[in-house]
Amino acid sequence: MQREAEAREIGSGGAVARAGTWLQGMVSRVMPDPFLLALGLTVLVMAIGGARLAGRGAEGVAATVIVGWLEGFAATSGLAFALQMALVLVTGHAIATSPAVQRVVDRVAAIPQSTAGAATIVAAFACAASVIHWGLGAIAGALLAREVAANASRRGIALNYPLLGGAAYAGFAVWHGGLSGSAPLKAAEPGNFLEAKFGGVVPLADTLLSPLNLVITGALLLSIPLLFRALATHAPATTLPREAVHLQPAPHAPEHGLVARLQESRAVGGLFGAGLLAMLVVGGTKGRIAFDLNTVNLLFLATGMLLQGSIRAYVGAIADGAKGAGGIILQFPFYFGILGVMQATGLIGAISDALLSVATPRTFPVLAFLSAGIVNFFVPSGGGQWAVQGEILATAAQALGVRPGSVIMAFAYGDAWTNMLQPFWALPLLGIMGLRARDVIGYTTLVFLAMGAVVSLLLLALA
């Protein structure tokens with residue numbers, strides 16, 4: 001009987017589960033708080049960038065590094081991006097706390113009977129949602145994971161809560177191959193800054209809709225949930241943190257009078273929500289509105305207002321969701337400061353050039369993937385990273401005769417790949433689920449290792 005049990009364990013992914021448990025334990029001991037990591041990366045990038053400019057003298061080096069950091073830290077694009085991400089978080093939270101969505105989430109959350117089932121469902125949902133839009137995957141995956149755990153707790157089923165957090169964050173491994181991928185969408189835009197380098201716009205048929213992307217993204221959508229199912233084999237049950245409770249609309253005391261009735265009226269809230277949605281539809285059909293982050297935020301806002309039913313309920317839900325936005329507001333400027341130093345000192349070009357110097361037409365997509373992964377760890381912003389690294393990759397691809405679509409998608413996979421090591425994009429998830437970065441990164445490190453192998457092999461075979 002014991003041998004049969006051991007055989008079943010091996011067949012269900014026992015080795016993978018043990019590796020995940022070991023990695024999670026190791027990472028949990030050494031992973032710093034995300035803000036401390038941002039500060040540490042700031043110092044490291046300043047030191048490396050300054051060393052590259054040593055010939056300019058101490059005063060010149062200091063001026064270049066400091067001015068680069070200050071310009072990046074105070075860049076209006078970075079500050080605007082921080083507000084956009086905060087809006088993704090709070091508007092997504094408002095949708096999740098609406099009665100209609102809660103009924104749907106309750107039904108899905110009631111399905112899993114074990115950590116394996118829960119992790120599989122959460123990972124599959126987060127990955128699928130991220131392919132539609134990264135903002136949707138970032139918020140919806142975390143909200144589903146939290147509700148699955150809370151629902152199981154009410155039914156007396158013990159789950160591994162950090163593993164569910166890792167499964168929810170794994171959606172960020174596939175986002176750049178989806179409909180909101182920054183690099184492929186930008187390359188398809190007439191007049192984009194790399195149009196001349198690529199010999200014209202690169203249509204989505206050559207990037208997001210290409211056989212290469214469909215195969216790689218499809219492989220990740222299938223393998224990531226299966227990996228988390230295997231990881232759950234030995235995952236011990238954990239206690240839910242206080243924050244992991246059933247989502248409820250924010251309570252408020254009843255008020256009287258005309259203004260109070262307007263604030264409480266479902267008709268008024270529904271009318272404004274429906275009106276905003278109608279404006280989006282009209283703007284989209286007229287070709288005046290692009291499918292970008294601002295559009296998604298407005299879509300989330302309008303949908304949340306419609307689903308919450310009243311202005312009062314919506315304002316309360318937004319205020320409640322804002323509690324998890326502190327990390328985003330604090331850390332975004334520091335990462336744009338890092339980006340400023342890397343631009344000012346030429347560090348991004350140096351990293352990419354070091355890898356591309358040994359490239360051949362066959363290996364170039366893989367090296368582009370690796371270089372994008374390295375840069376992403378220091379500058380975790382797909383659009384911002386493409387703005388500073390895209391020209392380097394486009395120039396090398398042109399010289400080597402590599403298809404533009406393959407280069408763009410190799411970059412996209414690399415940008416998403418090291419999200420599994422960099423907890424920056426996990427900030428909304430951590431706020432929603434009441435977890436720390438060290439609680440989930442050990443599990444996503446295995447996703448990083450598996451994804452690196454899968455994508456590299458497929459790029460060699462198909463790009």
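One is the number of the first residue; the rest follow in order along the sequence.
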Residue pair [X] / [Y], side-chain heavy-atom distance below 4.5 Å:
X      : Y      : answer
Ile139 : Ile432 : yes
Phe411 : Pro184 : no
Thr115 : Ile157 : no
Phe369 : Val455 : yes
Phe448 : Asn419 : no
Thr445 : Leu421 : yes
Leu370 : Trp417 : yes
Val447 : Phe228 : yes

Check whether the ring centres of [X] and [Y] lie less than 6.0 Å apart, and answer yes or no.
X      : Y      : result
Phe73  : Trp69  : yes
Trp134 : Trp425 : yes
Tyr443 : Tyr169 : no

If you compare all heavy atoms of [X] against all heavy atoms of [Y], which two are closest, and at what distance to 0.1 Å?
X      : Y      : value
Ala74  : Leu79  : O-CD1, 4.0 Å
Pro162 : Leu435 : CA-CD1, 4.3 Å
Trp175 : Gly181 : CZ3-CA, 4.0 Å
Gly165 : Leu429 : O-CD1, 3.5 Å
Phe332 : Ala82  : CB-CB, 3.6 Å
Gly141 : Ala168 : O-CB, 3.5 Å

Just by modelled atom types, is the [Y] backbone N or O under 3.5 Å from a matching donor or acceptor in the [X] side chain?
X      : Y      : result
Asn192 : Ala187 : yes
Thr303 : Phe300 : no
Gln343 : Gly68  : no
Gln308 : Ser310 : no
Ser98  : Ile95  : yes
Thr418 : Gly373 : yes
Gln385 : Ala372 : yes
Ser153 : Ala150 : no
Asn297 : Gln84  : yes
Thr345 : Val341 : yes

Spacing of [X] atom [atom1] and [Y] atom [atom2] [to the nearest 0.5 Å]:
X      : Y      : atom1 : atom2 : answer
Leu36  : Leu41  : CG    : CG    : 9.5 Å
Leu298 : Leu87  : CG    : CG    : 10.5 Å
Ser371 : Gln389 : OG    : CD    : 4.5 Å
Ser130 : Ile224 : OG    : CD1   : 9.0 Å
Leu185 : Leu208 : CG    : CG    : 6.0 Å
Met420 : Asn376 : CE    : CG    : 10.0 Å

Check your understanding: Using the ring of each side chain (for Trp, its six-membered ring), is Phe193 parallel, tilted or perpendicular to Trp386, with breaks at 30° and 60°?
Key ->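 Ring orientation of Phe193 relative to Trp386: perpendicular.
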Review point. When the ring planes of Phe334 and Phe35 are compared, do they come out parallel, tilted or perpendicular, using 30° and 60° as the limits?
Key: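 It falls in the perpendicular class, over 60°.
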Revision key, fill the gap. Residues at least two apart in sequence or cross-chain that pass side chain to side chain donor-acceptor pair (under 3.5 Å) with Asp415, listed by chain then number, are His176
Exercise for review: Could I get the full list of side chain to side chain contact (heavy atoms under 4.5 Å, CB included) partners for Arg107, not counting sequence neighbours?
Suggested key: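 Per chain and number, Arg107 pairs via side chain to side chain contact (heavy atoms under 4.5 Å, CB included) with no residue.
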Exercise for review: Before giving the answer on side-chain contact (heavy atoms from CB on, under 4.5 Å), spell out for Leu299 and Leu277 the whole-Å C-alpha distance, their side-chain angles and the decisive distance to 0.1 Å.
Suggested key: CA-CA 7 Å; Leu299 176 63; Leu277 288 175; 3.6 Å; yes
Review point. Are more than 12 heavy atoms from other residues, nucleotides or ligands located less than 6.0 Å from atom CD of Glu195?
Key: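 Yes, because the 6.0 Å sphere around CD of Glu195 holds more than 12 heavy atoms from other groups.
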Review point. By salt bridge (Lys or Arg N to Asp or Glu O under 4.0 Å), which residues pair with Glu189, not counting sequence neighbours?
Key: Lys186
**Study point:** Test log, rule side-chain contact (heavy atoms from CB on, under 4.5 Å), inputs Leu194 and Glu391
**Key:** CA-CA 7 Å; Leu194 292 178; Glu391 185 169 357; 3.9 Å; yes
**Study point:** Working for side-chain contact (heavy atoms from CB on, under 4.5 Å), residues Met305 and Ile311
**Key:** CA-CA 7 Å; Met305 189 177 294; Ile311 301 298; 4.2 Å; yes
Check your understanding: Taking atom types as modelled and ignoring hydrogens, do the side chains of Tyr413 and Asn213 form a donor-acceptor contact shorter than 3.5 angstrom?
Key -> yes
Check your understanding: Is it true that Glu147 and Arg103 make a salt bridge, defined as a side-chain N closer than 4.0 Å to a carboxylate O?
Key ->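 Salt bridge: no.
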Practice item. Before giving the answer on side-chain contact (heavy atoms from CB on, under 4.5 Å), spell out for Met451 and Leu220 the whole-Å C-alpha distance, their side-chain angles and the decisive distance to 0.1 Å. Key: CA-CA 7 Å; Met451 180 178 175; Leu220 295 175; 3.9 Å; yes
